[in-house]
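Sharing a structure with you now.
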Amino acid sequence: MSIQIPRGTQDILPGEVEIWQHIEATAKEVCRQYNYHEIRTPIFEHTDLFQRGVGDTTDIVQKEMYTFEDRGGRSITLRPEGTAAVVRSYVEKKLYGQANQPTKLFYQGPMFRYERPQAGRMRQFVQFGVEALGSADPAIDAEVLALVMSIYAKLGLKNVKLVINSLGDKESRQAHRQALVDHFKPSIAEFCSDCQERLEKNPLRILDCKKDREHPLMGTAPSILDYLNEESQSYFTQVKAYLDALDIPYVVDPTLVRGLDYYYHTAFEVMIDGEGFGAITTICGGGRYTGLVEDIGGPSTPGIGFAFSIERVIMALKAQKVPLPVSTELDCYVVSLGEKAKAKAVELLYQLRAAGISSDKDYLDKKMKAQLKAADRLNARYTAILGDDELEKGLIVVKQMESGEQEEVELESFIQYMKQHTQGGN
Ligand code: HAM
């Protein structure tokens with residue numbers, strides 16, 4: 001039996017890859033405008049990093065990590081997300097000591113989670129994310145939200161809903177935690193075994209449970225917003241005021257808790273409203289984290305960031321029928337007839353490419369008609385036809401495919417001619 005691709009992964013073939021490149025380029029361009037710079041970290045890290053960073057009680061760490069022992073007996077994990085790794089690098093490379101602060105980074109790359117695959121939920125997926133480290137100014141929260149919303153706007157995505165919440169500071173969360181324990185404890189036997197465990201370890205996680213979503217106590221659970229102390233309330237008010245000032249619409253959802261442990265204060269998700277998008281509507285998640293840098297061994301530093309997967313953005317763009325780039329066209333296809341012309345075509349092709357003109361030729365000894373067909377299929381803007389006869393006269397026939405117009409061009413000035421016509425906007 002032939003070997004097949006592992007479940008939850010995909011090949012991205014030419015034709016589709018242009019869409020990926022388009023999204024990546026758009027996101028990078030917006031990051032450039034916002035002065036965020038790229039960081040690349042390894043695909044695997046020590047398992048400890050995610051246990052400490054993402055949180056021991058999260059689903060990601062408990063159920064979804066690709067963890068293995070390497071040949072040296074170390075426990076290694078394929079990164080399930082980017083934030084912990086970026087923070088590890090920030091601490092290890094002492095980026096906090098650099099002159100320009102806050103440190104504003106973006107990253108892009110494959111992440112791995114052993115989840116049950118479905119549309120928009122992969123075991124290997126590509127996240128694009130940003131992290132701003134070193135500022136506790138609510139204006140940075142607004143900046144990060146503005147950044148992600150600008151990417152979606154630039155991509156032409158519609159019905160994008162920004163949902164925000166505040167998880168408060170340590171004190172507020174502690175008070176809320178106690179209220180949650182008091183709320184769920186008397187009836188905890190009616191909840192799943194995971195939730196029973198979560199009650200003491202991390203009761204906030206109960207609100208995120210997929211199995212017990214419909215339990216009546218979920219709807220009446222104490223809201224974090226009622227437990228925010230003055231400082232946390234003021235922080236949240238300022239973030240909202242900045243969003244209002246920037247005219248960025250948002251909805252406050254006090255039940256939004258996020259699936260990772262490191263968040264304090266602002267937490268958010270971006271959802272897609274509307275039909276045709278299937279069960280998964282969240283395309284982006286993020287928030288502010290306070291203790292993460294310290295947990296990973298660095299100085300106490302606040303941070304905020306988000307990540308979205310390219311897979312989900314593509315799903316959304318396709319569901320909304322947003323026009324997407326197709327295969328890039330070719331500038332010139334060189335058709336040759338006869339042995340001498342064939343040899344000359346190889347040379348011309350080399351020169352065309354050196355002049356910055358995308359070009360190709362036949363390598364399967366196809367007949368002239370089949371070569372012309374290939375030029376058509378490849379969407380070539382021009383076809384250059386060279387026979388032994390023309391070669392002898394020092395000429396080549398250039399056909400503009402769209403108009404069908406063709407003219408004889410002197411071989412000597414052919415490259416110049418093609419440069420003018422393909423790069424001179426003609
Ligand atoms: P997250 O909510 O776990 O947050 O993931 C963020 C985004 O990654 C999701 O909204 C979704 O677009 C995408 N995603 C997650 N899992 C999958 C999957 N199995 N298949 C396809 N796409 C997926 C984080 O990862 C945080 N590190 C975000 C963050 C950055 N917070 C602060 N800074």
Side-chain angles (χ1 to χ4, degrees), residues 6-10 12 20 23 27 36 39 41 45 49-50 53-55 58-61 63-66 78-88 90 102-133 140-141 143-145 147-148 151-152 157 160-165 167 205 208 256-272 277-293 301-317:
R7 239 162 86 75
T9 68
Q10 65 175 331
I12 303 152
W20 284 70
I23 294 168
Y36 284 67
I39 181 167
T41 62
E45 298 269 359
L49 173 68
F50 302 113
V54 176
T58 58
D59 276 1
I60 295 182
V61 170
K63 301 182 189 159
E64 297 172 1
M65 292 206 303
Y66 280 88
L78 300 184
R79 59 183 184 189
E81 58 104 50
T83 311
V86 167
V87 169
R88 196 260 319 126
Y90 174 82
T103 303
K104 305 209 285 187
L105 305 165
F106 77 82
Y107 53 89
Q108 174 209 306
M111 308 290 161
F112 306 84
R113 296 185 193 176
Y114 193 80
E115 296 198 81
R116 195 178 314 157
Q118 64 180 89
R121 182 170 292 142
M122 309 287 294
R123 290 186 172 162
Q124 174 175 331
F125 54 98
V126 173
Q127 271 189 349
F128 191 96
V130 317
E131 311 294 343
L133 289 138
I140 278 271
D141 300 41
E143 173 175 286
V144 163
L145 289 166
L147 194 164
V148 68
I151 294 176
Y152 294 143
L157 213 50
V160 183
K161 189 167 89 179
L162 172 62
V163 183
I164 63 171
N165 190 21
L167 301 177
R205 288 266 74 76
D208 214 19
L256 185 129
V257 294
R258 308 277 301 121
L260 303 93
D261 273 354
Y262 45 62
Y263 297 110
Y264 284 93
H265 291 293
T266 319
F268 58 89
E269 287 185 353
V270 182
M271 324 270 216
I272 286 288
F277 192 57
I280 292 175
T281 55
T282 303
I283 54 168
C284 173
R288 175 163 281 286
Y289 39 91
T290 311
L292 184 58
V293 180
T301 313
I304 179 163
F306 69 77
F308 62 78
S309 66
I310 311 254
E311 286 84 351
R312 286 197 195 167
V313 173
I314 291 180
M315 264 179 73
L317 289 168

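Keep in mind that this is a model prediction, so the values were computed, not measured. Read the numbers this way: they start at 1 and go in the same order the structure lists the ligands and their atoms.
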| query | Does Arg121 approach ligand 1 within less than 4.0 angstrom via side chain, backbone, both or neither, non-hydrogen atoms only? | reply |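 Near ligand 1, Arg121 shows its backbone as well as its side chain.
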
| request: Output, in order, the C-alpha distance, side-chain angles, deciding distance and verdict of salt bridge (Lys or Arg N to Asp or Glu O under 4.0 Å) for Arg88 and Glu45. | output: CA-CA 10 Å; Arg88 196 260 319 126; Glu45 298 269 359; 2.9 Å; yes

| task | Identify the protein heavy atom lying closest to atom 20 (N) of ligand 1, giving its residue, its atom name and the separation to 0.1 Å. | result |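 Looking at atom 20 (N) of ligand 1, the protein heavy atom closest to it is Met122 N, 2.9 Å.
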
| said: Pairs of nitrogen or oxygen atoms closer than 3.5 Å, one from Arg258 and one from ligand 1: do any exist? | reply: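 Min N/O separation from ligand 1 is below 3.5 Å for Arg258.
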
| message | Assess whether a salt bridge exists between Glu143 and Lys104, defined as any Lys/Arg side-chain N lying under 4.0 Å from an Asp/Glu carboxylate O. | response |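 Counted as a salt bridge, because a side-chain N and a carboxylate O are separated by less than 4.0 Å.
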
| query | What distance do Leu292 atom CG and Thr301 atom OG1 have between them, rounded to the nearest 0.5 Å? | reply |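 If I round to the nearest 0.5 Å, the distance is 10.0 Å.
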
| task | Identify, for atom 18 (C) of ligand 1, the protein heavy atom at the shortest distance, and state residue, atom and that distance. | result |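 Going atom by atom, the protein heavy atom closest to atom 18 (C) of ligand 1 ends up being Phe125 CD2, 3.4 Å.
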
| said: Tell me the contacting part of Glu131 for ligand 1: side chain, backbone, both, or neither, using a 4.0 Å heavy-atom threshold, strictly below. | reply: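 Side chain only.
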
| task | Give the residue, atom name and distance (to 0.1 Å) of the protein heavy atom nearest atom 11 (C) of ligand 1. | result |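 Going atom by atom, the protein heavy atom closest to atom 11 (C) of ligand 1 ends up being Arg312 NH1, 3.4 Å.
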
| said: Among residues at least two apart in sequence or on other chains, which ones pass side chain to side chain donor-acceptor pair (under 3.5 Å) with Asp141? | reply: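 Residues passing side chain to side chain donor-acceptor pair (under 3.5 Å) with Asp141: Tyr235, Thr266, Arg288.
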
| said: Among all the protein's non-hydrogen atoms, which is closest to atom 22 (N) of ligand 1, and how far away is it? | reply: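 Of the protein heavy atoms, Ser309 OG, 2.8 Å lies nearest.
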
| request: Kindly assign one of parallel, tilted or perpendicular to the pair Phe128 and Phe106, based on the angle between their ring planes and the thresholds 30° and 60°. | output: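 Aromatic pair Phe128/Phe106 classed parallel.
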
| field | Taking atom 7 (C) of ligand 1 as the reference point, the nearest protein heavy atom with its distance | value |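 Nearest protein contact, heavy atoms only, for atom 7 (C) of ligand 1 is Ala307 O, 3.3 Å.
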
| query | Are Gln127 and Tyr107 close enough that a side-chain donor and a side-chain acceptor fall under 3.5 Å? | reply |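 Side-chain D/A pair, Gln127 to Tyr107: absent.
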
| query | Strictly under 4.0 Å, does any heavy atom of Arg113 approach an atom of ligand 1? | reply |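 Yes, Arg113 has heavy atoms under 4.0 Å from ligand 1.
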
| From Leu105 CG over to Ile39 CD1, what is the distance, rounded to the nearest 0.5 angstrom? |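 Atom-to-atom, Leu105:CG and Ile39:CD1 are 5.0 Å apart.
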
| request: Mark the output for Gly129 as yes if a heavy-atom distance to ligand 1 is under 4.0 Å, and as no if none is. | output: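 So Gly129 does not count as touching ligand 1.
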
| Close-contact set for ligand 1 against Tyr263 heavy atoms, below 4.0 Å |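 Ligand 1 atoms under the 4.0 Å threshold to Tyr263: 26 (C), 28 (C), 29 (C), 31 (N), 32 (C).
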
| query | Taking 4.0 angstrom as the limit, do Glu269 and Arg258 come out as a salt bridge? | reply |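 Judged by the 4.0 Å cut-off on N to carboxylate O distance, Glu269 and Arg258 do form a salt bridge.
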
| What protein heavy atom sits nearest atom 26 (C) of ligand 1, and how far off is it? |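 Going atom by atom, the protein heavy atom closest to atom 26 (C) of ligand 1 ends up being Tyr262 OH, 3.3 Å.
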
| Does the side chain of Tyr262 come under 3.5 Å of the side chain of Thr83 through a donor N or O and an acceptor N or O? |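 Judged by distance alone, the side chains do pair up.
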
| request: Select one of side chain, backbone, both or neither to describe which atoms of Phe306 lie under 4.0 Å from any atom of ligand 1, heavy atoms only. | output: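 The answer is the backbone of Phe306.
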
| So which protein heavy atom does atom 32 (C) of ligand 1 come closest to, and at what separation? |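 The closest heavy atom on the protein side is Gly305 O, 3.2 Å.
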
| query | Would the Phe125 and Phe112 ring centres measure less than 6.0 Å apart? | reply |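 No; Phe112 has its ring centre 6.0 Å or more from that of Phe125.
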
| Is Gln127 touching ligand 1 with its side chain, its backbone, both, or neither, if touching means heavy atoms under 4.0 Å apart? |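 Just the side chain.
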
| Side chain, backbone, both or neither: which part of Ile283 comes within less than 4.0 Å of ligand 1 when only heavy atoms are counted? |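 It is the backbone that gets close, since no side chain atom is under 4.0 Å.
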
| query | Are a donor atom and an acceptor atom from the side chains of Gln124 and Tyr66 found within less than 3.5 Å of each other? | reply |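 Side-chain D/A pair, Gln124 to Tyr66: absent.
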
| task | Would you mind checking which non-hydrogen protein atom is closest to atom 27 (N) of ligand 1, with the distance to 0.1 Å? | result |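 Scanning the protein heavy atoms, the shortest distance from atom 27 (N) of ligand 1 goes to Glu81 OE1, 2.5 Å.
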
